[in-house]
Number of protein chains: 2
Amino acid sequence: MSTDSRTPAADSDLQRALDAVGDPVRRSILRQLADADPWTIACGQFDLPVAKSTLTHHFRSLVDAGLLEQRDEGNRRMNRLVRDEFDRRFPGLLDLVLDQ
Amino acid sequence: MSTDSRTPAADSDLQRALDAVGDPVRRSILRQLADADPWTIACGQFDLPVAKSTLTHHFRSLVDAGLLEQRDEGNRRMNRLVRDEFDRRFPGLLDLVLDQ
DNA sequence: TGGGATGTTCGATCATCGTCGAACATAGTC
DNA sequence: GACTATGTTCGACGATGATCGAACATCCCA
């Protein structure tokens, strides 16, 4: 028999979601987003011990997973946590990250 | 300032859980376990395209995360999925893996 | 128009992890 | 006791990804 008989697309989405949530820096980003109002935090305002370019890398990962939405406001790039759609696709996963 | 102000032990446990669940081979193991009765599958009986030594590696990861329990039966090492305790600590996470 | 602030891109580096085969250990079988 | 089956351990290898600094682009402001 073949290795697995689930839909490959679904597992690919799940993989992306788990990867996004599996990094401690990204979890910290998610928590800081959850503690603030939408569109109130710019990329450079996160409290994180990594370089700017590293942050950009993590943002891309979160956007790809559907967890982060970004919007340019003049000079700065504002961020918003996307809870609804992600919760619908992966119930409980984001809560798990935010609760602990 | 410090990165985060959650309990570090809790996040370490979460990290281990997400790591365990974040690998496709390990997810396949979990699904095959869920589809069978407890203690009915030996290590060598999983349908997976990896070497024996690789399997051992994955089993260790799952045991460390509290997802797998093993018991020696003569020649073979039997396996059981540990749902209750894991579901209590990380609600919804295992379901997410098994459903998709 | 020049300077500072904010982000991204790019290339390089480093660590981690999944992978394998060979060797070993142990248990069951003839 | 030999032989086979089942798993683990060990060392090596390769790919992936997190990280950084330097360079660049863009916007705001004086």
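Here is how names work: the chains are called A, B, and so on, in the same order as the sequence lines, proteins then strands, and each is numbered from 1. Basis for what follows: all heavy atoms, side chains included, without hydrogens, waters or symmetry-related copies. Keep in mind that this is a model prediction, so the values were computed, not measured.
- Within 6.0 Å of CZ on B/Arg89 lie no more than 12 heavy atoms contributed by other residues, nucleotides or ligands.
- Atom CG of B/Leu55 is separated from atom C1' of C/dC17 by 16 Å (rounded to the nearest Å).
- Closest to the side chain of A/Ala42, out of C/dG7, D/dT8, C/dT19, is C/dG7.
- Look at B/Arg60 and you'll find a side-chain N or O under 4.0 angstrom from OP1 or OP2 of D/dT9.
- Comparing atom distances between the A/Thr56 side chain and each of D/dT8, D/dC20, C/dG7 picks out C/dG7 as nearest.
- Side-chain N/O atoms of A/Thr54 include none lying less than 4.0 angstrom from OP1 or OP2 on D/dA18.
- In this structure, A/Asp37 does not pair ionically with A/Arg80, as no charged nitrogen and carboxylate oxygen lie closer than 4.0 Å.
- Residue A/Ser53 places a side-chain atom within donor-acceptor reach of the base of D/dG21, judged by atom type and a 3.5 Å distance cut-off alone.
- Residue A/Arg76 has no polar side-chain atom (N or O) positioned under 4.0 Å from OP1 or OP2 of D/dT26.
- Rounded to whole angstrom, the span from the CG atom of A/Leu48 across to the P atom of D/dA18 amounts to 14 Å.
- In this structure, B/Asp72 reaches neither bases nor backbone, as no heavy-atom distance under 4.0 Å exists between it and the strands shown.
- Note: CG (B/Leu62) to P (D/dT8) measures 12 Å, nearest angstrom.
- Distance CG (B/Asn75) to P (C/dC24): 19 Å, rounded to an integer number of Å.
- Both B/Val25 and B/Val63 belong to a single network of hydrophobic side chains, linked directly or stepwise wherever heavy atoms of I, L, V, M, F, W or Y lie under 4.5 Å apart.
- Taking the nucleotide of DNA chain D with the nearest heavy atom to each of A/Ala51 and A/Glu73, the more 5' of the two is matched to A/Ala51.
- Closest to the side chain of B/Lys52, out of C/dT8, D/dT8, D/dA18, is D/dT8.
- A straight line from CD of B/Gln70 to P of D/dT8 spans 6 Å, rounded to a whole angstrom.
- Of the charged side-chain nitrogens involved, none lies within less than 4.0 Å of a carboxylate oxygen, so that A/Glu69 and A/Arg71 do not count as a salt-bridged pair.
- When all heavy atoms are compared, the tightest approach of A/Leu55 to A/Cys43 is CD1-O, 3.7 Å.
- Side-chain N/O atoms of B/Arg77 include none lying less than 4.0 angstrom from OP1 or OP2 on D/dT6.
- As judged by a 4.0 angstrom heavy-atom cut-off over every strand, B/His57 is placed among the base-contacting residues.
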